[in-house]
Amino acid sequence: MIDITYKPDVYREAIAEGKIKLRKETLKLIKEGKVEKGDVLSASQIASILAVKKTPELLPLCHPIPITHVSVNWFFGEDSLGVRVTVKTTAKTGAEMEALTGVLTALLNVWDMVKKYEKDEKGQYPYTLIYDVRVIKKSKQEA
């Protein structure tokens, strides 16, 4: 790990987002709350928040930081479902890896909950795709 012992604690915020391409029929099921496994957006929001908190357990060189806030916001496209995760902390380092982990876990959970509707007749996923995962903003305010 990088030595951050002498760095000061400062307010940090990171915002990341990503999308999952889904069939229009699947998006309709999500919007109408008719997915057999349950409420996709709520379950995936909780998965995202848990992942943010567990980021240093998943990424071995990532420092554990005190998470002070996580928000998970969804947006629908014509053929996609997008998620934006904001992570706030007062720490010596980071927040962007936590935000990215939250995004990817949310999208993976969506995929898990709707895979039944996304498979083709051979059990493959020719249409489903997680894409455009990126940090869209990172900021810190020195004390």
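Atoms considered below: every heavy atom in the structure, side chains included; atoms not considered: hydrogens, waters and symmetry mates.
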Closest approach of [X] to [Y] (non-hydrogen atoms, all atoms of both residues):
| X | Y | answer |
| --- | --- | --- |
| L41 | W74 | O-NE1, 3.5 Å |
| T89 | A95 | CG2-CB, 4.2 Å |
| C62 | P56 | O-CB, 3.4 Å |
| L59 | M97 | CD1-CE, 3.8 Å |
| F75 | V83 | CE2-N, 3.6 Å |
| V103 | G18 | CG1-N, 3.6 Å |

With a cut-off of under 6.0 Å to the ring centre and 45° to the axis, is K21 in cation-pi contact with Y127?
-> yes
Flag this pair as yes if the NZ/CZ of K88 is under 6.0 angstrom from the six-membered ring centre of Y11 and inside a 45 degree cone about the axis; otherwise no.
-> no
Can a donor-acceptor pair be found, under 3.5 Å and without considering hydrogens, that links the side chain of [X] to the backbone of [Y]?
| X | Y | result |
| --- | --- | --- |
| S48 | S44 | no |
| R12 | A91 | yes |
| K138 | A14 | no |
| T55 | A51 | yes |
| K116 | E36 | no |

Check the surroundings of atom NZ in K28: do more than 12 heavy atoms from other residues, nucleotides or ligands lie under 6.0 Å from it?
-> no
Does atom NZ of K54 have more than 12 heavy-atom neighbours, drawn from other residues, nucleotides or ligands, at distances under 6.0 Å?
-> no
Mind checking whether [X] and [Y] sit in one hydrophobic cluster, side chains of I, L, V, M, F, W, Y counted as touching below 4.5 Å?
| X | Y | value |
| --- | --- | --- |
| I65 | L50 | no |
| V133 | I49 | yes |
| M113 | L129 | no |
| L104 | I67 | yes |
| V135 | Y131 | no |

Using a 4.5 Å cut-off on heavy atoms from C-beta on, say whether the side chain of [Y] contacts that of [X].
| X | Y | answer |
| --- | --- | --- |
| I30 | V114 | yes |
| K92 | Y6 | no |
| S71 | N73 | yes |
| I4 | H63 | yes |
| Q141 | V10 | no |
| D120 | Y125 | no |
| L108 | I130 | yes |
| L81 | K19 | no |

Between [Y] and [X], does any NZ, NE, NH1 or NH2 come within less than 4.0 Å of an OD or OE carboxylate oxygen?
| X | Y | value |
| --- | --- | --- |
| E78 | K24 | yes |
| E13 | K137 | no |
| R23 | E25 | no |

Drop me the distance from [X]'s [atom1] to [Y]'s [atom2], to the nearest 0.5 angstrom.
| X | Y | atom1 | atom2 | value |
| --- | --- | --- | --- | --- |
| L27 | S80 | CG | OG | 7.0 Å |
| L22 | Y117 | CG | OH | 12.5 Å |
| D112 | L107 | CG | CG | 12.5 Å |
| E98 | E96 | CD | CD | 7.5 Å |
| N109 | K37 | CG | NZ | 8.5 Å |
| I2 | K7 | CD1 | NZ | 9.5 Å |

Derivation and outcome, side-chain contact (heavy atoms from CB on, under 4.5 Å), residues I15 and E17 | CA-CA 7 Å; I15 304 170; E17 71 177 25; 5.9 Å; no
In a check of side chain to side chain contact (heavy atoms under 4.5 Å, CB included) between V52 and each of T105, L100, V85, T86, which one passes?
-> V85
Is it the case that T26 and E118 place a side-chain donor and acceptor less than 3.5 Å from each other?
-> yes
